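Some notes on the structure that comes next.
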Amino acid sequence: MVSPVRKLAAAPDAQVPEPTEPTAEPTTEPTTEPTPAPARPIDSMAFTVPDAGTSAVCTDLIVTKTDYIRGKLTSHQPYGETSVVDARLRVRGNSTATIAAKRPYKVKLDKSTSMFQMPKSKDWVLLANYFDRSMLRNDVAMETARRLGFAWAPRLRPVEFRINGQFCGLYQFGEGIELDQHRVNLANSDVLLEADNNEDDDPKFRSSRGLQVYLKDGDQQDLERVARQFQEVEDLIYAPNFP
C-alpha cells in the first residue's frame with residue numbers, strides 16, 4: 001500500500017542579516033610570547049686516541065667488533081663533574097654495526113668506575129640509535145620497564161660524543177646487559193636469554209613461531225626445560241583467550 005503524498009507547507013523566507021563593516025584592526029600589538037627558559041646543556045663524552053692515523057676518526061678509526069682501540073675517555077657534565085678514565089672501544093651490535101656513518105660502541109674501562117652517577121662497572125655501551133631518529137625509543141622502553149616493576153632495566157643518558165675533537169653525533173651512554181649485582185642479578189636457577197636471528201656460538205632453540213633464542217647464561221643442561229617454559233609463555237601470549 002502506497003501512502004498518499006502530503007504537501008508540506010512552504011518554509012518562511014530566511015532572514016538574511018545585513019552586512020556589517022569589518023572590525024577595525026587593533027591599535028596595539030598583541031601580547032608577546034613568554035621567553036622560554038634556556039635549554040639545559042647536554043652531557044658530553046670524548047674519546048682521545050693518540051696517533052690515530054686517520055682524519056675521519058668518526059668513521060674510519062673504530063671499525064671492527066674484535067679489535068679494541070685504546071684511549072682516554074672523558075665524561076663531562078655541564079653542572080657536575082668531569083672525569084677522565086683509561087678505556088677501550090670496539091664496534092658492537094649486529095645490523096647497526098654495519099652503519100659506517102654512525103657506529104655503536106662497546107666501552108671497556110680499565111678499572112670499575114661509576115659513570116654519570118650510575119653504579120660502578122668496567123662494561124658500558126654507546127648506542128648510536130641510527131634507525132631511531134627520535135632518540136626516544138630506548139628511553140621509553142626502559143622507563144616503562146621500571147614503572148612496571150622490573151628488577152632492572154638499563155640506565156641510559158644522552159651524550160654528545162666526540163673522537164679526537166670531532167663531533168660524531170648524539171649517542172646514548174649507559175649500562176649494557178651484564179651479569180652483575182647492579183644489573184642482571186641471576187639466582188641459582190635463573191637463566192639469561194637473548195632473542196636474535198644472527199648466528200652465535202651459544203646454545204639455542206627455536207619457538208614454534210620461529211623465534212631463535214640463545215641461552216646467554218645459565219646451566220646449559222637446562223636448555224630443554226627453558227625451551228619448554230618459553231614455549232608456554234609464547235603460546236599464552238598468542239592464545240585467542242589471552243587472560
Side-chain angles (χ1 to χ4, degrees), residues 36-47 58 65 73 75-80 89-109 113-121 123-162 167-186 190-198 200 207 209-214 216-217 230 233-239 242-243:
R40 180 189 184 279
I42 197 170
D43 298 329
S44 63
M45 182 158 278
F47 189 55
C58 291
K65 296 171 63 174
L73 187 67
S75 59
H76 173 67
Q77 298 174 262
Y79 301 120
L89 269 65
R90 66 166 174 81
V91 176
R92 73 178 300 277
N94 291 308
S95 59
T96 55
T98 64
I99 307 300
K102 192 183 182 189
R103 291 188 175 95
Y105 301 109
K106 164 76 174 179
V107 180
K108 177 78 76 172
L109 306 184
T113 306
S114 172
M115 305 293 288
F116 297 110
Q117 289 82 50
M118 289 180 274
K120 287 183 177 183
S121 179
D123 297 288
W124 304 88
V125 296
L126 270 165
L127 304 182
N129 295 320
Y130 183 82
F131 297 116
D132 175 17
R133 302 307 170 89
S134 72
M135 298 292 291
L136 291 174
R137 295 178 189 172
N138 281 323
D139 278 334
V140 170
M142 301 313 165
E143 182 61 23
T144 300
R146 280 187 281 273
R147 296 191 182 201
L148 288 173
F150 279 43
W152 173 78
R155 286 159 282 221
L156 302 165
R157 65 191 302 142
V159 296
E160 292 182 339
F161 182 58
R162 289 174 170 80
F167 179 66
C168 300
L170 181 65
Y171 279 69
Q172 277 183 309
F173 176 84
E175 298 174 317
I177 300 175
E178 309 285 347
L179 293 183
D180 184 275
Q181 62 174 338
H182 298 298
R183 297 185 185 179
V184 181
N185 193 7
L186 298 182
D190 290 345
V191 295
L192 177 62
L193 303 178
E194 179 183 6
D196 197 335
N197 283 328
N198 294 281
D200 202 340
S207 72
R209 290 179 173 268
L211 185 64
Q212 183 169 264
V213 182
Y214 287 98
K216 302 299 291 185
D217 205 285
F230 187 94
V233 174
E234 185 183 72
D235 291 343
L236 179 64
I237 291 174
Y238 286 94
F242 179 81

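Because only heavy atoms are used, hydrogens play no part in the values below, and waters and symmetry mates are left out as well, while side chains stay in. Positions are given from 1 along the sequence. Computed from a predicted structure; not experimentally measured.
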Exercise for review: Nearest 0.5 Å please: distance from the CG atom of Asp123 over to the NZ atom of Lys108.
Suggested key: 3.5 Å
Check your understanding: Between Val213 and Ser207, is any pair of side-chain heavy atoms under 4.5 Å apart?
Key -> no
Check your understanding: Going by heavy atoms in the side chains, are Tyr105 and Phe161 under 4.5 Å from each other?
Key -> yes
Point to revise | Asp235 side-chain N/O to Ala239 backbone N/O, donor-acceptor pair under 3.5 Å | key: no
Exercise for review: Indicate yes or no for a side-chain donor-acceptor contact from Lys106 to the backbone of Arg92 under 3.5 Å, with no hydrogens or angles considered.
Suggested key: no
Revision key, fill the gap. Looking only at heavy atoms, the pair that brings Arg103 and Val91 closest together is CD-CG2, 3.6 Å
Exercise for review: With rounding to the nearest 0.5 Å, note down the distance linking CD in Glu194 to CG in Asp200.
Suggested key: 7.0 Å
Check your understanding: How many angstroms lie between atom CG of Leu126 and atom CG of Leu73, to the nearest 0.5 angstrom?
Key -> 7.0 Å
Study note, to complete from the structure: In terms of heavy-atom contacts, Asp132 and Leu136 come closest through OD2-N, 3.2 Å
**Study point:** Atom of Ala145, atom of Ala153 and distance for their closest heavy-atom approach
**Key:** CB-CB, 3.9 Å
Review point. Gln77 side chain to Asp43 main-chain N or O, any donor-acceptor pair under 3.5 Å?
Key: no
Check your understanding: Between the side chain of Arg157 and the main-chain N/O of Phe116, is any donor-acceptor distance below 3.5 Å?
Key -> yes
Practice item. Please step through side chain to side chain contact (heavy atoms under 4.5 Å, CB included) for the pair Val125 and Phe173, ending with a clear verdict. Key: CA-CA 6 Å; Val125 296; Phe173 176 84; over 6 Å; no
Point to revise | Stepwise side chain to side chain contact (heavy atoms under 4.5 Å, CB included) test for Arg162 and Phe47 | key: CA-CA 6 Å; Arg162 289 174 170 80; Phe47 189 55; over 6 Å; no
Practice item. Go through the structure and list residues passing ring pair (Phe, Tyr, Trp, His ring centres under 6.0 Å) with Tyr214, not counting sequence neighbours. Key: none
Exercise for review: Please step through side chain to side chain contact (heavy atoms under 4.5 Å, CB included) for the pair Asn185 and Trp152, ending with a clear verdict.
Suggested key: CA-CA 9 Å; Asn185 193 7; Trp152 173 78; over 6 Å; no
**Study point:** Pair Asn129-Asn138, side-chain donor/acceptor within less than 3.5 Å
**Key:** yes
Review point. Does NZ or CZ of Arg147 come closer than 6.0 Å to the centre of the six-membered ring of Phe150, within 45° of the ring's axis?
Key: no
Check your understanding: Nearest heavy-atom pair of Pro78 and Ile42: which atoms, and what distance?
Key -> CG-O, 3.5 Å
Point to revise | Stepwise side chain to side chain contact (heavy atoms under 4.5 Å, CB included) check, Tyr171 with Lys102 | key: CA-CA 9 Å; Tyr171 279 69; Lys102 192 183 182 189; 3.4 Å; yes
Point to revise | Sub-4.5 Å side-chain heavy-atom contact between Gln181 and Pro119 | key: no
**Study point:** Any side-chain heavy-atom pair of Thr96 and Leu127 under 4.5 Å
**Key:** no
Check your understanding: If we only count heavy atoms from C-beta on, is the Ser75 to Met115 side-chain gap below 4.5 Å?
Key -> yes
Practice item. Measure the CE-CG distance between Met135 and Leu156 for me, rounded to the nearest 0.5 Å. Key: 10.0 Å
**Study point:** Nearest heavy atoms of Ser114 and Met118, plus distance in Å
**Key:** OG-O, 2.6 Å
Check your understanding: Between Asp217 and Val184, is any pair of side-chain heavy atoms under 4.5 Å apart?
Key -> no
Point to revise | Within-4.5 Å side-chain heavy-atom neighbours: Arg209 and Tyr238 | key: yes
Exercise for review: Spell out, as yes or no, whether a donor-acceptor pair under 3.5 Å connects the side chain of Lys65 to the backbone of Gly93.
Suggested key: yes
Exercise for review: Can you establish whether the number of heavy atoms outside Ile177 located under 6.0 Å from its atom CD1 is more than 12?
Suggested key: no
Check your understanding: Between Pro41 and Tyr79, is any pair of side-chain heavy atoms under 4.5 Å apart?
Key -> yes
Exercise for review: Could you tell me the separation between the NZ atom of Lys216 and the CG atom of Leu179, rounded to the nearest 0.5 Å?
Suggested key: 11.0 Å
Exercise for review: Please round to the nearest 0.5 Å and tell me the distance separating atom CZ of Arg155 and atom CE of Met142.
Suggested key: 12.0 Å
